**Student:** 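So that we are looking at the same thing, I have put the structure below in structure tokens.
Remember, it's a predicted structure, so these values are computed and weren't measured experimentally. Numbering of ligands and ligand atoms starts at 1, following listing order.
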Amino acid sequence: MQKSGFIPNLSLLTAGGKICCLRCTAKSKRSGLQCGRPASKESTSAKCHMHGGRGSSGPKTEEGRKRIAAANTKTGQYTKTTKLAMSKNSAHLAQLEDAMHVLGMTKATRTRGRKSAFYVPVTSVQGVCQMFLDAELHKAEASSESFKK
Ligand SMILES: [Zn+2]
């Protein structure tokens, strides 16, 4: 897409006037001048490699995408599933702290800061009972899911 008024120069003389090649048609936002680099050979829109002229834009098939993801995963510490599990564990810890305060087990100061998205405040003894019932329910669900596999 080119804005009206800007007509890009399509050819470029380089190597002291010895080589004539296609010129990158990108226009600078700052200076309004055309990019001075030669266009990439694999580019379909006459752009240099800095302005989107690379031929490949990554793997397309599901298999290829998975292979690249596996190659780039180092520890798996920041995968979606791991982060979700960490978030749930963090919420459970915060609820356990709530339960200790509700049951009068501690007078310690509360942990400050942002709570996990899964955190639901526990404010009563009934809430403490419900929290432990939910935990048992999730444990049963998790074990039944592992049987399915
Ligand atoms: Zn360029």
**Student:** Listing by chain and number, which protein N, O or S atoms are under 2.8 Å from the Zn ion (ligand 1)?
**Tutor:** C24 SG, C35 SG, C48 SG, H51 ND1
**Student:** Tell me whether the count of non-hydrogen atoms from other residues, nucleotides or ligands lying under 6.0 Å of CZ in F132 goes above 12.
**Tutor:** no
**Student:** So, for F118 and L84, which heavy atoms are closest and what is the spacing to 0.1 Å?
**Tutor:** CZ-CD1, 3.4 Å
**Student:** Scan for side-chain hydrogen bond (donor to acceptor under 3.5 Å, both in side chains) pairs involving residues 10-21, sequence neighbours excluded, and state none if there are none.
**Tutor:** none
**Student:** With salt bridge (Lys or Arg N to Asp or Glu O under 4.0 Å) as the rule and sequence neighbours excluded, what pairs involving residues 114-136 come up?
**Tutor:** E136-K139
**Student:** Please report the shortest heavy-atom distance between T109 and E97, naming the atom on each side.
**Tutor:** O-OE2, 4.4 Å
**Student:** Cut-off 3.5 Å, no hydrogens considered: what does the side-chain donor-acceptor table look like for residues 60-70, sequence neighbours left out?
**Tutor:**
from: K60; atom 1: NZ; to: S57; atom 2: OG; distance (Å): 3.0
from: K60; atom 1: NZ; to: G58; atom 2: O; distance (Å): 3.2
from: T61; atom 1: OG1; to: G64; atom 2: N; distance (Å): 3.0

